[in-house]
Protein chains: 4
Amino acid sequence: MQILKDEVKRSICTAALAEFKQHGFLKASMRQIAEAAGMTPGNIYRYFKSKEDLFGELLQPVYEELTMAMGTIKQEIDGSLCVEVKDHLSFLRQIDATLIRLFRESSTELNILLNLSEGSEYRAVKGDLVTLVNQIMLDVYGTMSEVPGMLSPREQASARMVASTIMESICLILRENEDGDMIKMLVDELLFMYSVGIGEKMRLRHT
Amino acid sequence: MQILKDEVKRSICTAALAEFKQHGFLKASMRQIAEAAGMTPGNIYRYFKSKEDLFGELLQPVYEELTMAMGTIKQEIDGSLCVEVKDHLSFLRQIDATLIRLFRESSTELNILLNLSEGSEYRAVKGDLVTLVNQIMLDVYGTMSEVPGMLSPREQASARMVASTIMESICLILRENEDGDMIKMLVDELLFMYSVGIGEKMRLRHT
Amino acid sequence: MQILKDEVKRSICTAALAEFKQHGFLKASMRQIAEAAGMTPGNIYRYFKSKEDLFGELLQPVYEELTMAMGTIKQEIDGSLCVEVKDHLSFLRQIDATLIRLFRESSTELNILLNLSEGSEYRAVKGDLVTLVNQIMLDVYGTMSEVPGMLSPREQASARMVASTIMESICLILRENEDGDMIKMLVDELLFMYSVGIGEKMRLRHT
Amino acid sequence: MQILKDEVKRSICTAALAEFKQHGFLKASMRQIAEAAGMTPGNIYRYFKSKEDLFGELLQPVYEELTMAMGTIKQEIDGSLCVEVKDHLSFLRQIDATLIRLFRESSTELNILLNLSEGSEYRAVKGDLVTLVNQIMLDVYGTMSEVPGMLSPREQASARMVASTIMESICLILRENEDGDMIKMLVDELLFMYSVGIGEKMRLRHT
DNA sequence: GATGAATGAGGGTTCATTCAT
DNA sequence: TATGAATGAACCCTCATTCAT
């Protein structure tokens with residue numbers, strides 16, 4: 001018994017991470033994980049109560065950091081009055097930076113958390129991020145609207161769309177790329193497109 | 001109570017559509033569909049040969065229309081020389097228009113086809129659309145590049161990202177909205193943002 | 001309602017015969033039969049109580065004729081004392097003739113009865129025929145044995161083998177040939193081989 | 001009560017062998033096998049990938065030996081010119097000896113392989129054997145024919161019949177007897193009858 | 001007399017999970 | 001601590017049979 005408990009646990013996590021990344025939560029197989037970890041399925045249950053539990057333990061740290069960062073940003077948003085466009089962009093960039101930092105630290109976990117958690121308790125994380133970005137967007141639109149603070153349903157839907165597509169796009173970039181620098185570059189470019197586009201759009205509307 | 005065959009078939013389709021929309025092809029359960037349609041599972045097989053067949057019968061029309069439209073657009077792209085930026089946008093708008101028209105006719109089906117068809121024979125549809133858009137993007141980038149026709153790996157990755165995120169975003173809009181006019185508006189806005197953004201970006205790079 | 005009941009019944013029988021011939025009792029499908037008969041499965045059950053019943057009604061006549069002929073032959077065997085070899089052969093030829101006559105009248109039914117009735121109540125028919133032929137063989141062997149009437153286990157097993165293989169071979173010929181004359185020829189040839197062979201064998205043993 | 005893996009596997013094989021012997025491949029039920037082996041169906045799949053796999057693992061050794069022996073015999077046949085009748089008989093006896101040896105080692109398996117493999121990948125084995133014997137028979141008939149090498153359709157059908165009935169008869173003997181010595185005796189007797197019979201038949205035809 | 005929709009029990013198979021060892 | 005055999009519920013699917021119409 002020279003294998004310490006922690007070492008075993010780590011090997012399970014490593015195997016599970018790979019399996020979840022490849023097949024997502026729902027289609028991941030406990031047997032595969034056990035095999036890859038060099039043990040039998042039953043033993044996993046000495047370390048984790050269930051598939052959900054194992055999944056949770058892997059993603060919990062990333063999830064918490066993400067939640068915390070989102071909480072901070074949310075507070076800043078709620079606390080700031082008379083925000084300007086570039087401030088909004090700065091919020092976006094904060095989110096962006098958070099995601100990229102998390103990605104650099106835990107690329108696989110973040111990828112799984114955002115893109116492969118269907119069927120688990122984390123399935124809503126992406127939606128939460130969207131909601132946050134949406135809040136920013138509503139402010140942006142609110143500032144630029146003819147009647148500040150009063151958004152038409154169309155404008156609300158538009159803001160929601162922008163929030164969703166930005167988040168979805170960032171998730172996609174995380175999903176389809178492995179290299180951290182490449183991801184940073186692509187996300188930057190994405191935000192650049194959105195921002196300049198949004199700026200142009202707004203300018204055109206008011207002239 | 002003798003129910004007419006068509007009525008039963010329709011009730012199966014309704015139930016199946018709902019089940020597929022909620023769980024996707026892979027996780028949809030024939031038992032659930034049967035229950036929702038008010039019958040036993042075996043009876044479904046009087047109307048449809050298999051789960052795949054049921055899935056196919058629901059999506060086939062939308063799939064064919066989409067494929068046909070994509071084929072036409074592809075031919076136009078391949079056939080046109082010395083394309084200009086606005087032409088590229090017109091291609092995008094054609095794709096956009098196709099999707100929106102299909103969505104007006106069969107919103108749920110298109111949604112399932114693009115977002116929930118994993119595990120079925122239609123699993124590649126979204127990827128095909130991305131590939132098509134990517135082809136357009138490569139032309140756009142190629143035209144604007146300093147050395148026309150020669151794209152750096154970064155530029156290629158960027159084009160690929162734009163293609164993917166545009167398609168993903170359109171899918172998302174289709175997924176999260178029910179009203180056809182709203183969808184049209186949001187997709188227009190999305191493309192507007194992307195195009196003006198891309199234009200700005202390119203202009204800035206060359207000055 | 002211009003289709004008389006009998007006509008419908010006959011069309012069911014025709015379809016059933018074909019299906020049973022092709023797939024045997026066990027794998028025959030009531031749906032297929034109904035379809036081939038131009039009706040729905042349920043209707044068959046107005047004419048026949050079950051698959052077994054339908055099967056039985058098709059084979060009953062042939063079965064009865066066969067049973068009757070076998071009974072007659074059995075009586076002759078039991079009634080004749082001090083039978084000679086050629087008489088035994090005549091019994092074999094009677095069986096042979098019976099089968100061939102039945103085949104000429106009802107080739108498909110006999111084929112099904114003997115070769116494709118597994119799973120039905122007729123599954124034992126071939127065995128019954130074997131038992132009859134075996135009885136003849138036991139007499140043949142008994143007559144030729146050194147101690148008439150007393151057969152060693154080996155001789156009993158041998159007789160049993162000959163009975164089985166003859167019947168099995170005849171069934172095989174029925175199974176693999178369609179033409180009545182060809183069948184007669186082949187069965188004759190088979191019996192000729194067996195009889196001459198048996199005769200030789202016996203002669204050699206006693207010299 | 002932890003049972004050793006091999007013991008369980010063996011109990012599955014035992015149960016499966018009995019089930020396949022009783023119902024054949026197609027109608028054998030995995031649930032029945034599981035019950036007979038004292039477990040639930042799912043557990044069988046820890047030991048065998050599928051019904052086909054289980055079937056194959058039971059029959060593979062016998063199948064391979066049979067195939068190898070048939071290959072050898074076929075080569076000898078193809079390689080020998082101007083064969084005589086007694087040589088043909090020697091080929092038959094080789095086949096005979098092979099089957100009997102295999103039967104001594106694996107009676108049930110051989111029985112299943114030859115008689116109960118419909119629906120599996122082994123379904124053609126008996127037919128292959130018949131084809132091989134037929135090849136021998138065609139040579140026999142060819143040698144004895146008035147115009148050597150030219151067989152009338154009747155003669156061809158006759159040869160085919162002899163080949164089929166011999167193989168069918170040997171299978172039957174294997175099927176209905178358990179004792180190896182008894183089987184050997186019966187098959188010898190069968191071939192003896194056939195050969196002497198064939199010889200007589202030919203002699204009579206030419207005088 | 002005929003329909004055909006519907007059932008229910010069974011088919012092979014998968015897999016997260018449990019537990020005696 | 002670790003095993004891995006075993007379970008049980010679920011999966012998709014088939015088919016003889018029934019019965020309201």
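Chain A is the first sequence line, chain B the second, and so forth, proteins listed ahead of strands; every chain is numbered from 1. Everything quoted here is computed from the prediction, not taken from an experiment.
Contacts of Ala34(B) with the nucleic acid, taken as non-hydrogen atoms under 4.0 Å apart, are absent. Lys49(B) comes within 4.0 angstrom of sugar-phosphate atoms only, judged by non-hydrogen atoms across all strands, and of no base. Residue-level contact check: Ala28(C) touches the backbone only, with heavy atoms under 4.0 Å from sugar-phosphate atoms and none from bases.
Contact annotation: Arg46(C) side-chain N/O to dA2(E) OP1/OP2 distance is not under 4.0 Å. Residue Ser29(A) has no polar side-chain atom (N or O) positioned under 4.0 Å from OP1 or OP2 of dC15(E). The phosphate of dT3(F) has OP1 or OP2 within less than 4.0 Å of a side-chain N or O from Asn43(A). For the pair Tyr45(B) and dT14(F), the criterion of a side-chain N or O lying under 4.0 Å from OP1 or OP2 is not met.
If you check the side chains of Tyr63(B) and Glu121(B), you find no donor sitting under 3.5 Å from an acceptor.
Ring geometry, Phe25(C) versus Phe20(C): the interplanar angle falls under 30°, so the pair is classed parallel (tilted spans 30 to 60°).
Base pairing annotation: dG12(E) forms a Watson-Crick or G-U wobble pair with dC11(F), both donor-acceptor distances under 3.5 Å. Within the shown strands, dT3(F) is the pairing partner of dA20(E) under the Watson-Crick or G-U definition, both distances less than 3.5 Å.
Atom pair Ile12(C):CD1 and dA2(E):P shows a separation of 8 Å (rounding to whole Å applied). Distance Phe48(B) CZ to dC13(F) P: 13 Å, rounded to the nearest Å.
Only one option out of Gln22(D), His23(D), Lys21(D) pairs with Glu19(D) in a side-chain hydrogen bond (donor to acceptor under 3.5 Å, both in side chains); it is His23(D).
For Arg31(D) and dG10(E), a side-chain-to-base donor-acceptor distance below 3.5 Å is absent, hydrogens and geometry of angles not being considered.
Proximity note for Tyr47(D) (side chain, C-beta onward) versus dT17(E), dA5(F), dA5(E): the nearest is dA5(F). Nearest nucleotide to the side chain of Val8(B), out of dT17(F), dA6(E), dG12(E): dA6(E).
The residue among Thr40(A) and Thr40(D) whose nearest nucleotide of DNA chain F is located toward the 5' end is Thr40(A).
For Glu35(A), the CD atom sits in a loose shell: 12 or fewer heavy atoms of surrounding residues, nucleotides or ligands are nearer than 6.0 Å.
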